[in-house]
Amino acid sequence: MENAEIASFFTEIADLLEIKGENPFRVRSYRNAGLVIEGLSVSIESIVEKDETGLEEIPGIGKSIHEKIVEIIKTKRCGLHDELLKEMPAGLLELLKVSGVGPKKAALLHEKLGVKGVDDLEKAAMAHKLKGLPGLGERSEEKILAAIGNYRNLKLASARFKLSVAYPSARKYVEYLRELPGISDIEVAGSLRRWKDTIGDADILVTCKKGAPVMDRFVNYPEIKEVASKGDTKSTVVLKTGLQVDLRVLEKKSFGAALQYFTGSKAHNIAIRDRARRMGLKISEYGVFSEKSGKFVTGEKEEDVYKAVGLCWIPPELRENRGEIEAAEKGEVPPLLEPEDIKGDLHVHTKESDGAFSLEEMAKAAMDMGYEYIALTDHSPAVGITHGLDEKRLKKQMEAIEDFNGRLKKRGIGFRVLKGAEVDIRADGTLDYSGDILKKLDCAVGAVHSSFNMAKEDMTKRILKAMATGGINILAHPTGRLIGAREPYEVDMERVMDAAKKYGVFLELNSYPERLDLNDTHLRRAKDKGILISIATDSHSKFHLEYIIYGVHTARRGWLEKKDVLNTRGLKELLKLLKR
DNA sequence: GCCGTTTTCGGCCCGACTGTTTTCAGTCG
């Protein structure tokens with residue numbers, strides 16, 4: 001059972017207990033357990049199999065949640081979860097996703113009006129049954145109806161935004177705001193600054209002498225669909241794309257504290273504030289304060305905030321409360337991979353298969369990126385829709401590459417195009433090219449493109465078999481997920497990683513924003529196992545080479561350093577590593 | 001329910017905005 005699945009039991013228990021009006025701290029324990037489990041780089045199931053007492057070493061998991069984890073893995077159910085659902089309808093959980101409806105209102109609506117879900121709520125609001133209930137009036141009915149509309153739209157659009165949508169969108173907003181005179185600092189915070197693979201909303205922070213003109217400009221941005229709230233220091237809008245954007249206006253002396261706070265994650269902040277409290281300090285978005293005297297200690301720079309609680313600065317990508325605080329305490333935050341460490345791209349397509357540009361055009365674009373090499377990895381024939389190359393056409397492409405490299409050499413250019421292919425891993429685990437031709441390639445990338453719905457054991461065997469042939473250097477997009485469109489296929493990633501190690505196959509971090517595959521927790525696991533990662537773009541256009549930035553930051557989320565990445569190597573060392 | 005540089009009991013992160021209030025609860029991040 002996947003960690004995410006186990007985690008969702010606890011998140012739902014937290015929601016249900018909250019609706020029930022239980023002790024908020026008990027609620028928090030369950031919610032926190034959900035967060036912790038979801039963020040773990042090791043499979044919870046594998047811990048339980050090995051030695052379940054290992055669970056109690058995970059912070060936030062005590063005796064009671066330990067027992068429930070074991071129960072969930074063994075029985076696929078949880079007694080407490082079942083009992084709570086007997087007391088109230090499951091639709092109330094969905095109600096909480098409607099903006100403006102929290103646990104208290106959900107309970108009230110259920111108790112007074114018998115509301116069992118979002119559809120019921122919509123009917124009740126349209127029939128004006130809400131006004132008259134304590135704390136609810138006419139405005140509330142309008143707001144709730146609007147929120148239900150937004151909720152349904154977002155559900156259709158799969159709720160969270162891809163990095164590649166939110167990132168440019170936020171950058172554009174920042175540029176628009178920056179045009180206003182008087183703005184000194186402006187930064188994007190939140191999950192965007194942490195480079196999460198999906199983004200819930202965007203947070204922008206500014207320092208400015210006068211807040212009012214910034215807020216006015218903010219709510220008059222042409223791309224806005226709706227202004228959700230507007231205050232002196234905080235406003236929220238929803239863009240036409242559905243992306244919610246928050247703006248905070250701050251004093252200079254608070255900027256670092258606010259940046260720290262609004263960057264999150266929530267779990268990281270709770271841990272940091274808890275630490276501060278134990279040291280007699282209080283941290284808010286306005287600064288670090290002495291708990292006793294209430295006196296301002298520091299807050300202008302983010303570094304100062306961390307320093308005040310005895311920590312070195314922590315890169316945003318690590319702030320998930322997955323051990324980064326302990327590392328910072330010991331001064332052992334790893335020197336993370338930097339964009340300029342990348343020396344080349346080992347997975348790109350040309351128009352020979354389903355790309356848009358030629359060998360020359362892709363090579364030129366890679367040189368412009370400052371790379372030393374690029375591997376052309378067009379599809380093999382099995383992926384019919386992509387116009388995959390048969391062995392004859394592949395040989396022809398190899399000759400063209402050699403010819404191109406020869407011309408570069410004559411001109412004294414050190415750049416090199418590698419002969420590669422993205423060879424399909426068939427359903428039976430065999431490869432879509434013969435061993436003979438694979439041997440002649442500099443870089444063979446293996447990938448699954450069909451029969452995604454195999455049973456976990458079969459899929460695992462399929463991939464292990466492909467790796468064992470010795471025909472491939474790199475396993476591309478190892479889980480096959482398409483963010484918001486397709487779930488990862490079922491595969492035992494522990495065994496895939498162990499096999500990668502055994503057969504000397506590298507794993508890919510596919511930087512295509514819809515993929516980001518492997519993800520952050522898998523990457524960290526691979527690093528722990530000593531497997532080198534190839535960060536590649538899977539470019540189908542020369543413009544896609546820029547997507548490497550998403551891969552680099554995802555790698556940083558997985559704690560990867562320069563030494564953990566295959567394509568930080570220079571050409572000579574790379575070729576040695578690619579020998580099969 | 002979890003946890004321990006004040007603690008095995010008694011705490012648990014903190015503040016803005018909204019709509020309904022006539023001083024605040026609920027929601028959100």
For this session: Give none if dG4(B) has no partner; otherwise give the nucleotide forming a Watson-Crick or G-U wobble pair with it, both distances under 3.5 Å.
Result: dC9(B)
For this session: For Val101(A), answer base if it contacts any base atom (sugar-phosphate contacts may also be present), sugar-phosphate if it contacts only those atoms, and nothing otherwise; contact means non-hydrogen atoms under 4.0 Å.
Result: sugar-phosphate
For this session: Indicate, with a heavy-atom threshold strictly under 4.0 Å, whether Pro24(A) touches base, sugar-phosphate, or nothing.
Result: nothing
Exercise. Given the P atoms of dG26(B) and dT20(B), what is the spacing between them in whole Å?
Worked result: 14 Å
Problem set entry | Ion pair Lys20(A)/Glu87(A), N-O distance below 4.0 Å | yes
Problem set entry | Whole-angstrom distance between dT18(B) and dC13(B), as gauged at atom P | 26 Å
Exercise. Which part of the nucleic acid, if any, lies within reach of Thr236(A) when heavy atoms closer than 4.0 Å are counted: base, sugar-phosphate only, or nothing?
Worked result: nothing
For this session: Using a heavy-atom cut-off of under 4.0 Å over every strand shown, decide if Ile283(A) touches base, sugar-phosphate, or nothing.
Result: sugar-phosphate
For this session: Using a heavy-atom cut-off of under 4.0 Å over every strand shown, decide if Phe262(A) touches base, sugar-phosphate, or nothing.
Result: nothing
Exercise. Any salt bridge between Lys196(A) and Asp520(A), counting N to O under 4.0 Å?
Worked result: no
Problem set entry | Heavy-atom contact window of chain A on DNA chain B, given 5' to 3' at under 4.0 Å | dG1(B) to dG29(B)
Exercise. Rounding to the closest angstrom, what is the interatomic distance between dC12(B) and dT6(B) at atom P?
Worked result: 14 Å
Exercise. Do the charged groups of Glu317(A) and Arg556(A) touch, with an N to O distance under 4.0 Å?
Worked result: yes
For this session: In plain terms, say whether Arg481(A) and Glu514(A) are close enough for a salt bridge, that is, a side-chain N and a carboxylate O under 4.0 Å apart.
Result: no
Problem set entry | Ring centres under 6.0 angstrom apart (Tyr261(A), Tyr286(A)) | no
For this session: Please work out if Val98(A) contacts a base, only the sugar-phosphate, or nothing of the nucleic acid, heavy-atom cut-off 4.0 Å.
Result: sugar-phosphate
For this session: Could you check Lys68(A) against Ser284(A) and say which one's nearest nucleotide on DNA chain B is further toward the 5' end?
Result: Lys68(A)
For this session: Determine the contact category for Glu291(A): base if any of its heavy atoms lies under 4.0 Å from a base atom, sugar-phosphate if only primed atoms, P, OP1 or OP2 are that close, otherwise nothing.
Result: nothing
For this session: Could you check Gly231(A) against Gly62(A) and say which one's nearest nucleotide on DNA chain B is further toward the 5' end?
Result: Gly62(A)
Problem set entry | Heavy-atom pair with the smallest gap, counting every atom of Leu113(A) and Ala124(A) | CD1-CB, 4.2 Å
Exercise. When you compare dG29(B) with dT22(B), how far apart are their C1' atoms, in angstrom units rounded to a whole number?
Worked result: 28 Å
For this session: Take atom C1' in dC14(B) and the same atom in dT8(B), then report the distance between them in whole Å.
Result: 28 Å
Exercise. Using the P atom in both, what is the distance from dG15(B) to dC9(B), to the nearest Å?
Worked result: 31 Å
Exercise. Below 4.0 angstrom, N of the basic side chain to O of the carboxylate: do Asp216(A) and Lys230(A) qualify?
Worked result: yes
Problem set entry | Distance between P atoms of dT23(B) and dC28(B) (Å, rounded) | 25 Å
Exercise. When all nucleic acid strands are considered with a 4.0 Å heavy-atom cut-off, which category describes Asn23(A): base, sugar-phosphate, or nothing?
Worked result: base
Exercise. Pro103(A) near the nucleic acid: base, sugar-phosphate alone, or nothing, with a heavy-atom cut-off under 4.0 Å?
Worked result: sugar-phosphate
For this session: Select base, sugar-phosphate, or nothing to describe what Thr233(A) touches, counting heavy atoms under 4.0 Å on all strands.
Result: sugar-phosphate
Problem set entry | Salt-bridge contact Asp274(A)-Arg277(A) (side-chain N to carboxylate O under 4.0 Å) | yes
For this session: Scan Glu138(A) against the nucleic acid and name what it touches under 4.0 Å (heavy atoms): base, sugar-phosphate only, or nothing.
Result: sugar-phosphate
Exercise. C1' atom, dG1(B) versus dT5(B): distance in rounded Å?
Worked result: 23 Å
